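What you see is a predicted model, and the numbers here were worked out from it, not measured in a lab. By convention in this document, chain letters (A, B, ...) are assigned in the order of the sequence lines, proteins followed by strands, and residues within each chain are numbered from 1.
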2 protein chains.
Amino acid sequence: MRHFINHTEENYLKAIYSLSQKPNQGVSTNAIAKSLDTKASSVTDMMQKLAEKGLVSYKKYYGVQLTSSGQLIALNTIRKHRLWEVFLVDKLSFNWDEVHEIAEQLEHIQSSELTNRLDIFLGNPKFDPHGDPIPNSQGEIENYHDTLLLSELEIGAFCTLVGVADSSSVFLKHLEKSQLKLGSEIRLINVFEYDRSLSIEVANIQRSISNRVADNLIVKPL
Amino acid sequence: MRHFINHTEENYLKAIYSLSQKPNQGVSTNAIAKSLDTKASSVTDMMQKLAEKGLVSYKKYYGVQLTSSGQLIALNTIRKHRLWEVFLVDKLSFNWDEVHEIAEQLEHIQSSELTNRLDIFLGNPKFDPHGDPIPNSQGEIENYHDTLLLSELEIGAFCTLVGVADSSSVFLKHLEKSQLKLGSEIRLINVFEYDRSLSIEVANIQRSISNRVADNLIVKPL
DNA sequence: ATATAATTTTAGGCTAATCTAAAAAATATA
DNA sequence: TATATTTTTTAGATTAGCCTAAAATTATAT
């Protein structure tokens, strides 16, 4: 008996999924509230509802974890979001910093037939415009392997920019100003003690970036 | 001061627009309720709300009419709906009878940039897969001219099928069984007194269709 | 270990969109 | 024209999702 999942519930499940990527502990009420820009009390209400539907396991005061069916829905929502982002960039010529908000709406369209045909139409892309992997229709998602944050790279090493950990428009526009885009080859020249800022070389030009920026750049060492 | 319009309001405005196409009178509460499969009391509530927002003019017990801003929103929603239908059929290879429900969801995505880019991507189509005209971004819509219902055609005349007045899946599937699609050339052979059924010729084959079907076929005489 | 701080839950309200049932108004009919 | 019927509105509830404020629980720090 398939429960009907709405807009709001999908957003909660997606948020829980993202938050549970970092530690493998239960996700805290406050963390969810912050991530969704809502109040802890609202989160508690929703957790009880999702628990009743069997989408999360919830123990009072100890946060929640997605059940397998909850995770499947979260991954399907992420799949839709990322496919639509590819559509917007590849087919409608949007810039990569303009697609997030629109995809936030499109990800809630309910039709697996639509999602699967869109996937085919786009040529079964494996990554979205920000380098994030796209789950398949079974909710299987490719793990980043051999990737790390630019801030973790060793000095002198070469790497390729394969993803961003922040898809906000401000951040992406900022990257463009530094000539950084997916696929860019980067060499880490130096890291300064004082403010942890980095000196890098991109396209034969030396640039300086903050550690805040470097923390949001996912790279693959060469 | 731009009011924010939601999902539900868009649906009401669209329903009022459709209903006001036939007579040029105010649209009745009951008609709206029937069209949206809701109760008259709910409609009354919403009419008061839309009137406060300046989207309809409403006089108690005498139905409503769209204001110009209400009409603009209705037409924009219809524009989105029809563009998405073109996308689904032309790009994702959906059949014309499968697209309505999905387009009902997609029509509520809020982004004029998206709508306009989609329009361009699709090659600025003028009609949707059911032959319905697509309003432009100013809310201007082409009127059917020189069209009538097949049931109104005179016996012996030739015509082209340019639209359907019913986009339901059952109806469209039924048409396909009779080899009828947009662009089909039809000759009206006869109309039978008894049940008003019609004898027509399509692709050199003679067929019989009910008057119910003929009432839903929009044709252009040749 | 106990007090203090932080987090989480509960209790009680609010709003939007819906409903049912009753009242009011308009329309149709005898 | 008076009465019956239909339509519409109003009154009062309900539900989902959110809120604030208070209470309960857990975590932290002396």
> Among dT8(D), dA16(C), dT20(C), which nucleotide sits nearest the side chain of T29(B)?
Replying inline: dT8(D)
>> Tell me the closest heavy-atom pair linking L175(B) and V213(B), and the distance in Å.
In response: CD2-CG1, 4.0 Å
> CE of M47(A) versus P of dG17(D): gap in Å, rounded?
Replying inline: 11 Å
>> Can you measure Y62(B) atom OH to dT6(D) atom C1' for me and round it to whole angstrom units?
In response: 14 Å
>> With a cut-off of less than 4.0 Å, is there a side-chain N or O of N11(A) near OP1 or OP2 of dG17(D)?
In response: no
> How long is the line joining CG of N6(A) and P of dT15(D), in whole Å?
Replying inline: 16 Å
>> From CD1 of I32(B) over to C1' of dT18(C), roughly how many Å is that when rounded to an integer?
In response: 16 Å
>> Just N and O in the side chain of S28(A): are any of them under 4.0 Å from OP1 or OP2 of dT7(C)?
In response: no
> So does N30(B) get a side-chain nitrogen or oxygen closer than 4.0 Å to the phosphate oxygens (OP1/OP2) of dT8(D)?
Replying inline: yes
>> Tell me the interatomic distance from K39(B), atom NZ, to dT7(D), atom C1', rounded to whole angstroms.
In response: 14 Å
> Would you call D97(B) and K173(B) a salt bridge, taking side-chain N to carboxylate O under 4.0 Å as the test?
Replying inline: yes
> Among all residues two or more places apart in sequence or in another chain, which pass the salt bridge (charged side-chain N to carboxylate O under 4.0 Å, His left out) test with K14(B)?
Replying inline: E104(B), E107(B)
Identify each atom pair where a protein N or O and an N or O of nucleotides 10-12 of chain D are less than 3.5 Å apart, giving names and distance.
| from | atom 1 | to | atom 2 | distance (Å) |
| --- | --- | --- | --- | --- |
| dT10(D) | OP1 | K60(B) | NZ | 2.4 |
| dT10(D) | OP2 | Q48(B) | NE2 | 2.7 |

>> Just the rounded figure in Å: distance from C1' of dA17(C) to NE2 of H7(A).
In response: 16 Å
> Expressed in angstrom and rounded to an integer, what is the separation of K49(B) atom NZ from dT15(C) atom P?
Replying inline: 13 Å
> Would K80(A) and E85(A) pass as an ion pair if we require N to O under 4.0 Å?
Replying inline: no
>> Quick check: H100(A) with H130(A) (ring centres under 6.0 Å apart)?
In response: no
> Looking at the rings of Y12(B) and Y17(B), which for Trp means the six-membered one, are their centres under 6.0 Å apart?
Replying inline: no
>> Nearest whole Å is fine: how far is dA17(C) P from D37(B) CG?
In response: 17 Å
> So, is the end of the K49(A) side chain (NZ or CZ) under 6.0 Å from the ring centre of Y58(A) and within 45° of the ring's axis?
Replying inline: no
